[in-house]
**Q** 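Handing you this structure, nothing more for now.
All values reported here derive from a predicted model rather than from experimental measurement. Values below: all heavy atoms of this structure, side chains included; hydrogens, waters and symmetry mates excluded. Residue numbers start from 1 in every chain, and the chains themselves are labelled A, B, ... in the order their sequence lines are given, proteins ahead of strands.
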Amino acid sequence: MAKYGLFSMTITSNLDRFMTLAIWSAALLVAAAFLWLLGDVLWHGAAHLSWSFLTEAPENAGRSGGIGPILVSTLMILAVAVAAAVPLGLATAVWLTEFIRPGSSFGRLVGLSLDVLAGVPSIVLGLFGNAFFCVYLGLGFSILAGGLTLACMVLPIFIRTAEAGLRAVPADWRNGAAALGLSRGAALIHILLPAAAPALAAALMLGIGRAMAETAALIYTSGYVDRMPSSLSDSGRALAVHIYDLSMNVAGGDPNAYASALVLITLLIIINSTALWLAENLLQRRIVTA
Amino acid sequence: MIWFKPSILSPSYADARLGWGLAAAAGLAAAILLLIVLLLLRESWPVLQRVGGVRFFADQGWYPAEEMYGLAPMLWATLAASFGAVLLAGPLGVASALFCRHYAPFSVARLYRRMVTLLAGIPSVVFGFWGLTVLVPLLAQFQPPGASLLTGILILALMILPTVALTADAALAAVPDAYLRGAAALGLSRGATIAGVVLPAARGGIISGVLLATARALGETMAVLMVAGNVVQTPTSLFDPVRTLTANIALEMAYASGDHRAALFVSGLMLMGLVIILAAAAWRLSGGRLHG
Amino acid sequence: MTSTIDMHCRPATGTPADAYTLGPLQSGPSCCDPEPLIRVENLSLSYDNKPALAGVTLDIYRGCITALIGPSGCGKTSFLSSLNRLTDLIPGCEVEGRILINRQDARAPDLDVQTLRRQVGMIFQKPNPFPLSIRRNLEMPLREHGVRNRSELCDRLERTLTDVGLWDEVKDRLDTPALALSGGQQQRLCLARALALEPSVLLMDEPCSALDPLSSAVVEDLIQRLRGRYTVVIVTHNLAQARRIANYAGFFWVRERAGTLIEFGRCQQIFEEPAHDLTAAYVSGARG
Ligand SMILES: Nc1ncnc2c1ncn2[C@@H]1O[C@H](COP(=O)(O)OP(=O)(O)OP(=O)(O)O)[C@@H](O)[C@H]1O
Ligand SMILES: [Mg+2]
């Protein structure tokens, strides 16, 4: 709002002065808390961060050594989650945008159930994952079970973001494709999905970011084991779980917990910034072609 | 060949097949929620059947080994922590959004919005860890042991603040410019415009954002687990250590079995119920869309 | 997928289609058979139960250019879209009445719309090339319709681009994005894209209205050259243009909130001796 400068020229009332003061102090307070947290993690974490920390195995319950196997487990869990969530999510998003009539009751039902799923507490998802994937399907504490649980968690975010991206593709192209007698499948593959690619990538990044930050859903699905996993049916400890374990259950684990937190935050900032950049990029492209 | 008659190989059939395939995928995605509810019910059924639903509220305490399943203290702790967090994060989040839209110079607003977005991406375990290593010792100097309802509230507030701020920001952005111009034409000051025009116009979006944030606070596990002290008791002061429903599940699932395990699933059901009520309220307020 | 029924206007002697020329411009269908290619009977159309077209009956003749004129909102676009069933894509849009194309019911439920749309091409008001290269814009629909042969593809590419006068302008940059072309070039590319599928009918919805006068003249010349080879139905707000190019003209007007066809006939007749007062007023510029 450029038209209200910071110091407006009109005579300001006491209410105005108070509100300006209150809002600036609230903003400063939030910024201060953010910087405090980030600064603290950066300060303590950087001291312990090194190349060998990233590659070595944890020793002495994680007090010393590194996080090599934990990074590998994290990546494997993410890979399983992505591999399960992306095809299912993409198909659902395409169906919701391209195949159903607006206002269709089945479509609304799917949308509603996804919105509720997005709000399910992650520990409840962990309970579900434990009972369904680990026990009922017999996967045990494994990377596979953890990844599938996370897939359930990121599915709604992925679908809703992908859906928004597909809806932003101009209708001209859909009509053009239909008028040429192209099948919907062909229109999707050749035109709509490529045009929505930045949004789909943003959706993927958001999903990965959310999955990577998750702890509670993983404790009782992919488990605690901090050895290098040799297959998807091994238990594997995710980075977030590692931080939790070091700080709660291991006396003297704080230095390595700080370093792990720094690694996690750095990865997440990269992932989320990429998502943001992709989404903004998409917006610009839309303006250019419109 | 009659060119209008479709053949089995014609693209229309391919499209119909594609449509059915996609609908099946969508059905599967929607069925996950149903599956979750059914599984929670199935796992909690034995204990619900044996001791009944009422005792989860009526029992004097949580001693699963002695078949006492009173969830009330933890339910109160959950509600108190969430309520406190929303009480803090609501005004601060709305103020942050107003700051971005109406007070900060453009470049500062952009920087600030980016900061809030990044804050939204910080994992809860890092919030918890920071709370445990920084806030808890700090508070312990004044009011030992430090880990308490208050620290839980503070950390939760910080965690859900971005949710409030980002949804409120979107709601403020949706207020038509014409309203602002109209208010300016009437010679209203900035404060009066915001209090009298902007906030009422954005009210629906802001409230649904606050409800979403409440749902997040209720469902949050790690942050409160790490800083709130984990003693099962009904909180009587801000400095009491408490244990929330979510933290209880995370702590006891490791060794629970039999009825104890089933009772944990009952608390999962209870959390799910709370969240669904909030989601329904937010859904109604926002006119059918919650996320994105 | 290739249709064997030939809907082009062909002289009885059996010379190839492109050798065919019509008689003098205003002489109407001196064409092989007097039977119309498209018959529309009592067509009504509504969006969400709000009528947009009511009781339209008209015939469209082979090889001729039929112009549809009328004020904004009288349902011309809706009429065109019902011919290639693009209305199927609009939720809440209901069509009633009969549409016969080449004696076959275009509204039959078991009809293969993709084959129909391949034979009844459409050009939109706003050029809508796909966000692909120029080459892929033309080749992708062909491939999807089963034309896979490389040399055949190249051949059609060059032929249709030459047809629309674009070949010399773009032959050195066939692999650059089509969206980088100018508006007029984009529209001609869309025309080429439709022609490459060798349709029988071309529906054009104000194809020149988004173009500057020069590009507009180029596209108009192009449409003139399609006469005889294709059956063209064109919607235009430019009365002079309709008069210059059309053999037949139909005048739409909104009556009781729904568009209706007021008058249909030879172009000369509609413009010079209209039977209806509304038509007379509209073509003389007094109303609309
Ligand atoms: N998708 C739609 N949904 C609802 N109503 C529509 C839709 N498309 C058109 N209409 C309505 O149907 C009527 C006819 O519209 P149509 O676009 O066919 O007119 P037109 O003659 O092509 O106008 P123009 O010359 O401006 O292009 C209008 O009143 C319009 O508001
Ligand atoms: Mg139109």
**Q** Where does B:S267 contact chain A at under 4.5 Å (heavy atoms): side chain, backbone, both or neither?
**A**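 Contact with chain A: none, neither part.
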**Q** At a heavy-atom distance under 4.5 Å, which candidate from A:I23, A:T215, A:L37 has the highest pair count against chain B?
**A**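 That would be A:L37.
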**Q** Need one label for B:N248: side chain, backbone, both or neither, based on atoms under 4.5 Å from any heavy atom in chain A.
**A**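 For B:N248, no heavy atom lies under 4.5 Å from chain A.
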**Q** Look at the aromatic rings of A:Y244 and A:Y224 and report parallel, tilted or perpendicular, splitting at 30° and 60°.
**A**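 A:Y244 and A:Y224: tilted rings.
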**Q** So what's closer than 4.5 Å to chain A heavy atoms on B:L158: side chain, backbone, both or neither?
**A**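 Contact with chain A is through the side chain of B:L158 alone.
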**Q** Report the C-alpha distance between A:N130 and A:L127 in whole Å, list the side-chain angles of each, state the deciding distance to 0.1 Å, and finish with yes or no for side chain to side chain contact (heavy atoms under 4.5 Å, CB included).
**A** CA-CA 5 Å; A:N130 180 272; A:L127 278 182; 5.8 Å; no
**Q** Under a 4.5 Å heavy-atom cut-off, does chain B meet the side chain of A:S247, its backbone, both or neither?
**A**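 Both parts, backbone and side chain.
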**Q** Looking at B:Y103 versus B:F99, is the centre-to-centre ring distance below 6.0 Å?
**A**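 Centroid distance B:Y103-B:F99: not below 6.0 Å, so no.
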**Q** Looking at A:E214 and A:R210, does any basic side-chain N land under 4.0 Å from a carboxylate oxygen?
**A**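 The answer is no: the pair does not qualify as a salt bridge.
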**Q** Let me know if A:L90 has heavy atoms under 4.5 Å from chain B in its side chain, its backbone, both or neither.
**A** neither
**Q** Please classify the contact of A:L268 with chain B as side chain, backbone, both or neither, using a heavy-atom distance under 4.5 Å.
**A**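 For A:L268, the side chain is the part near chain B, not the backbone.
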**Q** Is chain A contacted by the side chain of B:L132, its backbone, both, or neither, given a heavy-atom distance below 4.5 Å?
**A**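 It is the side chain, since no backbone atom gets that close.
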**Q** Is it the side chain or the backbone of B:L35 that comes within 4.5 Å of chain A heavy atoms, both, or neither?
**A**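 Both backbone and side chain of B:L35 come within 4.5 Å of chain A.
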**Q** When you check the gap from the basic side-chain N to the acidic O, do A:D16 and B:R190 get nearer than 4.0 Å?
**A**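 No, no charged N to carboxylate O under 4.0 Å.
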**Q** For A:D254, is it the side chain, the backbone, both, or neither that has a heavy atom closer than 4.5 Å to a heavy atom of chain B?
**A**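 Looking at A:D254, backbone and side chain both touch chain B.
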**Q** Considering only heavy atoms, which portion of B:L39 lies under 4.5 Å from any heavy atom of chain A: side chain, backbone, both, or neither?
**A**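 Answer is side chain: those atoms of B:L39 sit under 4.5 Å from chain A.
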**Q** Under 4.5 Å from any heavy atom of chain A, what part of B:R216 do you find: side chain, backbone, both or neither?
**A**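 Neither the backbone nor the side chain of B:R216 comes within 4.5 Å of chain A.
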**Q** Examine whether an atom of B:L225 lies under 4.5 Å from a heavy atom of chain A, and if so say whether it belongs to the side chain, the backbone or both; otherwise answer neither.
**A** both
**Q** Under 3.5 Å, is there a donor-acceptor pair between the side chain of A:T74 and the main chain of A:L239?
**A** yes
**Q** Would you give me the side-chain donor-acceptor pairs under 3.5 Å for residues 28-35 of chain A, sequence neighbours excluded?
**A**
none

**Q** Measuring heavy-atom distances to chain A, does B:M253 have an atom under 4.5 Å in its side chain, in its backbone, in both, or in neither?
**A** both
**Q** Quick one: closest heavy-atom pair of B:I122 and A:L38, and the distance?
**A**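 So the two residues come closest at CD1-CD1, 4.4 Å.
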**Q** Of the backbone (N, CA, C, O) and the side chain (C-beta and beyond), which part of B:A23 lies under 4.5 Å from a heavy atom of chain A, both, or neither?
**A**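 Both backbone and side chain.
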**Q** Do you know the tightest heavy-atom contact between A:S273 and A:I269?
**A**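 So the minimum-distance heavy-atom pair works out to OG-O, 2.6 Å.
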**Q** Would you mind checking which part of A:F18 comes under 4.5 Å of any heavy atom in chain B, side chain (CB onward), backbone (N, CA, C, O), both or neither?
**A**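 Contact with chain B: none, neither part.
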**Q** Name the region of B:F106, side chain, backbone, both or neither, that has any atom closer than 4.5 Å to a heavy atom of chain A.
**A** neither
**Q** Looking only at heavy atoms, what is the nearest atom pair of B:S82 and B:L218, with distance?
**A**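 Nearest pair, atom of B:S82 first, then B:L218: OG-CD2, 3.2 Å.
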**Q** Give the intermediate values and the outcome of side chain to side chain contact (heavy atoms under 4.5 Å, CB included) for residues B:T78 and B:M270.
**A** CA-CA 11 Å; B:T78 297; B:M270 200 180 282; over 6 Å; no
**Q** Heavy-atom distance under 4.5 Å to chain B: side chain of A:V241, backbone, both or neither?
**A** neither
**Q** For B:T246, is it the side chain, the backbone, both or neither that has a heavy atom under 4.5 Å from a heavy atom of chain A?
**A** both
**Q** In terms of heavy-atom proximity below 4.5 Å to chain A, should B:A254 be classed as side chain, backbone, both, or neither?
**A** both
**Q** With a 4.5 angstrom heavy-atom cut-off, could you sort out which part of A:F106 is near chain B: side chain, backbone, both or neither?
**A**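 The side chain, not the backbone.
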**Q** Using the side chain to side chain contact (heavy atoms under 4.5 Å, CB included) rule, take A:L264 and A:H242 through it: C-alpha gap first, then chi angles, then the decisive distance, then the call.
**A** CA-CA 11 Å; A:L264 185 59; A:H242 187 56; over 6 Å; no
**Q** Does a side-chain heavy-atom distance below 4.5 Å link B:M159 with B:V224?
**A**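 A side-chain contact is absent here, since even the closest heavy-atom pair is not under 4.5 Å.
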**Q** Counting only non-hydrogen atoms closer than 4.5 Å, does A:F99 touch chain B with its backbone (N, CA, C, O), its side chain (CB onward), both, or neither?
**A** side chain
**Q** With a 4.5 angstrom heavy-atom cut-off, could you sort out which part of A:L112 is near chain B: side chain, backbone, both or neither?
**A**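 Contact with chain B: backbone and side chain both.
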